[in-house]
Each structure stands twice: as structure tokens, then as C-alpha cells.
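I have placed the structure first, in the form of C-alpha cells, so that the comments after it can refer back to it.
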Amino acid sequence: MSETPVRVRIAPSPTGPPHVGTAYIALFNYAFARSQGGKFVVRIEDTDQARSSRHYEEAILRALRWLGLAWDEGPDVGGPYGPYRQSERLPLYQHYAQELLERGAAYRCWCSPERLEAVRQQQRQAKLPLRYDGHCRTLSAAEIAACLRQGQPYVVRLKVPSRGETVVHDAFRGAIAFDNQQLDDQILLKSDGFPTYHLANVVDDHLMRISHVIRAEEWIASTPKHVLLYQAFGWQPPVFMHMPLLRNPDRSKISKRKNPVSLDYYRRQGYLPEAICNFLGLMGWSMPDEREIFSLEEMVQAFTFERIRLGGPIFDLQKLDWLNGVYIRRLPPEELVRRLYDQLITPLLHRLRDTLYLRRLIPLLQERLPTLGDFHSLAAYFYQTPLRYDPALLVPKGRSARETANVLAGAAEWLQRYEGPWQDAELESCLRAYLESTKWDARSLFMSLRVALTGRTASPPLFATMEVLGRELCLTRLEDAVAALQKQS
RNA sequence: GGCCCUAUCGUCUAGCGGUCUAGGAUAUCGGCCUCUCACGCCGAAGACACGGGUUCGAGUCCCGUUGGGGCCA
């Protein structure tokens, strides 16, 4: 049944920061490989010299590793079919281009950019599809020899059959037929000796024994050219599976103009890698039991391509936020502290590092964090001194500033005299006793206190917050609030 | 424009001919909990793009239209 071992790959171009689309495709390659006991390969497609950089390559690998999508073979770990960087495989492509030439499946083309532009111009005017007109396809042996002798630079083009059709078998969509007349005589080898995507991709997938090409839908249109190449070489093509394309909210292909796409962004923002994987696993795929929260391992366990949907899913930040919050809430507090340090290296955290303070805040903040990054604004009043806020917030509806000042001053005095433990439940009893002595309602008093102590109208529960802030800071802040109100009235 | 892909609530999706007066999640709105927020719980509103077939029966199969998207420029 299993004729060929499952080997899949992702082939990112290191021309920019790690992209969420790369992670998406990597996830499904990974899940398929693992579920089949196959191999997952990373190959770097860096034949675009001008735009590729080692810096981006490292960033991409780092991001994939961060997500937990470990690969079996790749530029960093090596493997039996290396090298795994196309820039280190150049002679291979030249060799295979030569083979194509010899087999008559490709030809050299000496057309100048000017001529090509002129042809295109004409086709545009005649409203014809814009394709190479095949000028050099028909060069005689003598003409070719002459050009070669003169050492003129040339490109190598694929000789697409002028008739018939090329059928692409997509495992999700079935047979897709392309009229050969619609296909361009694609350039395979550029005049500088570098291969184009099409040649390098096919040669490498074959040499690396890739069994299934799982890639994004945007590649469907170039697949017939790849099929033609496999045929020309006499190679068995892999199984093609084109995943739907992630979309912006306006349904266009996901792009940085309309949606954050860098995995580095999501990491810095404080999204957990497991939440991102889970979220991507929900894009076009679902668990058999409709569970929405699942780990990478669980996805692998349950993985099957039958559950793929082909409509392009919109990358919805709102749902990601919810999911991320779920994962943050599930973290053991110690682990959350560790993640905060790992993912959010900031001056604030450095300051807190030597204290147990952070550990004490965590229970108050954990269920209020959509992302780790929200820690900064949520925790601000635990370390900022003095607090900055609008004193008007201290005054409840229907009360005057003067009244409020008196009640807060009273509370400060009451707390001053209080000698019990500075703890949640005890503080509540203490302040409820104080509440009795005023004519205020709990809601108003506690809101005033909340604003005085945190500078906000929304905070974690008041008494637990007071416990963490500590007696001294609480009393200082109450005095500050009273002073601010007195200055106002 | 040509070729190709695609189509269930705003969004992610379940559904693989009858159990669908279409289920879940998220977002939204309302309620409960409550010192506020959040979490949690309960509830409301919200979709099979349209038209033809096939069939006893279609969200589910086929064709077309329309919408969306990709590729080539």
C-alpha cells in the first residue's frame, strides 16, 4: 500500500520576515508528515540573489522552531539529500537544463529585452494573451551555433507543446486541465546561469524524493509547467495538494498592508505559539469531533486531508485573540511568568525580575490578558508612581468632590488604624466596616477607592489588588487622591 | 482581459441525499455572578448566493449565472 515513503517540504524564500502563510503551509506539511510517519523537509529557495538574505533565512527558521514545527532535514540540520539551500545547488540546475536541451524539451533563447517588450506591446494591442512568441524555438542549428560562437548571453526556455492539454492532478480538486496554448514558454535558466523557480523547484523536489507537494493555491496556475518538466525528464511527479489561501478581511490574499503577517509581530505582541498553531489549524480544517481547542500533537493524531475545505479563510484577529486568551488562562502561573520574561523583554520586566512582585500579580492579571503584551497596560499601576489620572474619576455620580475627599480621607484614616493582616478577605471586612460608618453605597465607595489606588475604573478585584500593592503604597495613593480632590474644590 | 480555483450565520466552521424547522465556536446584544473589569454561566439575533436540472426527496450530485479569489501580465 505504501509504495513511496511520505516526504514533504516547505520551500520558503528568505526575502522577508517570517510570514504567517509560511507557517500555515508548514503546519499542514508537518501534520501530514507526522501523521504518516514521513519526513518533513525545509528547503531554502534563495535563487533570487538580490532579495534573499541569510538574516531572513535565520528569522524564518527561528519562527518555525518557535511554533514547534520541527523538521527532519534542512539547511541547519542537514540530511541525506542536501544541500538544502538552492544557492548551493546551482550546478545541478545547469546540469538538468542541459539535459532538457539535449532531450529537445527546452531551447536557448537570445531575444533581447527590447524585442520581448515589442512583442508584448503588439500582443497587448491585439488583445492577445501575453506570451513569448517562440521566435528562438525555430532557430536552425547553424543559427544556434553562430550565436553560441559569439558568446551571446541566452536564457533557456521550456518548449511547451503547441497543441493538446496538460492535466494537473490535484488531490483535493481532481484533474485540472490546461490548454497548452495558454502556457508560456517559461524561462528555466536565466542568462546569469541561475534557475527560475520552476526549474529549481521541480529538480529539487525530485532529487529530494518529495512525495507530496503541499503548497498554497496560488501555485495552481504554474503547476502545468511543472508537470511538463516532470514529463520531459521522465520523472514521476509528486502528488499535488493546493491549500486554500489565507485572506485579509476584504478577502484578498493575505498581505501586510491589510493584516499583520509577520510571525515576529505575533511573537512580540505576546501571542503564544501553541495558540497560533491551533488557530492556523482551524483555517480550512477541522477536528472530526469539532473541537476547537487542540494541541499540535492532537492535530497530528487526528489529521486527515479529507477534512480540508477549499474556500479561502479570512485570518480573523478577533478569534485569534480569544484563542490566545484561552491558552494564557490555561498556563500554570509559573509558566506564565516564564513566558512573560521570554517573550516580552522590556525594562519593566527587568525591574521586576529581582522581586516576587510579578509572581504575586499574575493571579490578578491572568484571566485578563488577551495577549502577553497586554501585561504592560494592565499592570501599569502596580509599578508606576505617582499615578496619573483625572481626579474627576474619583467622584461618583451624585456626589461632590468635597464629599468624596472626606470619605477617602476617612478611609485612609480607618486603614491607618487597622492593624490586622493586609490581606484580601481581611481588608474587605475592614472596609465594609468603614462603609457602614458612611452613608455611601458599596459600589460608589469601592469605585472611588479603585480609582484612587489604580487610577482606573476597571481593575482586578479591589481588595486583592490592595493586598498586592501593600499598605504603604495604598495609604500614599489615598492621600494623593484626597489632595487632588481638595485642590479641585 | 485570458486561464484556473472557489461559494453554509459578520468571521472560523459542522454537514459527505432523508435524522436540517441547518449544529458548534467567535464577534455582537441581553441577563446572571459582582466592588469595576475580566473569567464563567444562561439567553437572543444571525447563513445554505441565484437559476435550472437529476431524484420520491438536495445545503449535500450535475450545469449555468452571479459573487469572491489566484495566476499571467
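In the text below, chain A, chain B and the rest are named by the order of the sequence lines, each starting its count at 1. The basis for the numbers below is simple: all heavy atoms, side chains too, and nothing from hydrogens, waters or symmetry mates.
B:A22 is unpaired under the criterion used here, namely a Watson-Crick or G-U wobble arrangement in which both key atom distances are under 3.5 Å. With both pairing distances under 3.5 Å, B:A44 is matched to B:U28 as a Watson-Crick or G-U wobble pair. Searching all strands for a Watson-Crick or G-U wobble partner of B:G51 with both distances below 3.5 Å returns B:C63. The partner of B:G2 is B:C71, judged by Watson-Crick or G-U wobble contacts that both fall below 3.5 Å. Nucleotide B:A38 forms a pair with no other nucleotide shown, judged by Watson-Crick or G-U wobble geometry with both contacts under 3.5 Å.
For A:R247 and B:C12, the shortest distance from a side-chain N or O to OP1 or OP2 is not below 4.0 Å.
Between A:Y197 and A:W219, the two ring planes are parallel [angle under 30°; tilted spans 30° to 60°]. Classification of the A:Y230-A:F240 ring pair by plane angle, with boundaries at 30° and 60°, yields perpendicular.
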Donor-acceptor list for residues 167-177 of chain A side chains, cut-off 3.5 Å, not counting sequence neighbours:
residue, atom, partner, partner atom, Å
A:D170, OD1, A:F172, N, 2.8
A:D170, OD1, A:R173, N, 2.9
A:D170, OD1, A:R173, NE, 3.4
A:D170, OD2, A:H242, N, 3.2
A:D170, OD2, A:H242, ND1, 2.8
A:R173, NH2, A:H242, O, 2.1

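For B:C35, its base never sits under 3.5 Å from the side chain of A:R443 at any donor and acceptor pair. The base of B:C5 does not come close enough to the side chain of A:R173 for any donor and acceptor atom to sit less than 3.5 Å apart.
Note on residues 447-463 of chain A: no pairs pass salt bridge (charged side-chain N to carboxylate O under 4.0 Å, His left out), not counting sequence neighbours.
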Sugar-phosphate atoms are those with a prime plus P, OP1 and OP2; base atoms are the rest. Using that split, label each nucleotide of nucleotides 23-31 of chain B B, S or - for protein heavy atoms under 4.0 Å, 5' to 3'.
BBBSS----
